[in-house]
Student: 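My questions will all concern the structure given below.
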Amino acid sequence: MNGVVKVTKDKSNVKRYARKIGRMGNSLGVSLPKSLAEKLNVSQGDEIEFVENDHGEIVLKKVRHSQLPDNVRPEVLEAFFDVFEEDEGILEDLRDR
């Protein structure tokens, strides 16, 4: 999957990277240009996540692993975040009052 990296800038000074998708075993994959890997501070073995925003755009981020305190169970924290996401509108409404 090595090849030419096409980097362009549009009028808003946004960098765009173009890569071809290749086969990786039974999956599809794409390699990251060196400059983008450096910007993301990722190297082989790191995890990245793809986040879709409200505009349908996909944002690429390095996964940040953090150590939980001994007294916090991961499933409790996950449940907290699920509730927070469900009630985010209510919390924003309370904040704006």
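Values in this document were obtained by computation on a predicted structure and should not be read as measured data.
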Student: What residues form a side chain to side chain contact (heavy atoms under 4.5 Å, CB included) with Ile48, not counting sequence neighbours?
Tutor: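 With sequence neighbours excluded, Ile48 shows a side chain to side chain contact (heavy atoms under 4.5 Å, CB included) to Val42, Phe50, Leu60, given in chain and number order.
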
Student: Check whether Leu40 and Ile58 end up in the same hydrophobic cluster, where Ile, Leu, Val, Met, Phe, Trp and Tyr are linked by side-chain heavy atoms less than 4.5 Å apart.
Tutor: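 In one cluster: yes.
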
Student: Applying side chain to side chain contact (heavy atoms under 4.5 Å, CB included), name anything that partners Glu75, two or more places apart in sequence or on another chain.
Tutor: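 Partners of Glu75 under the side chain to side chain contact (heavy atoms under 4.5 Å, CB included) test: Arg73.
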
Student: Kindly write out the residues that satisfy side-chain hydrogen bond (donor to acceptor under 3.5 Å, both in side chains) with Glu52, not counting sequence neighbours, or none if the list is empty.
Tutor: none

Student: Sequence neighbours left out, what pairs pass side chain to side chain donor-acceptor pair (under 3.5 Å) with at least one residue falling in residues 54-63?
Tutor: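 Qualifying pairs: Asn53-Glu57.
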
Student: Which pair of non-hydrogen atoms, one from Val30 and one from Met24, has the smallest distance, and what is that distance?
Tutor: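 Scanning both residues completely, I find the closest heavy atoms to be N-SD, 4.4 Å.
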
Student: Could you grab the distance from atom NZ of Lys39 to atom CG of Leu32, nearest 0.5 Å is fine?
Tutor: 13.0 Å

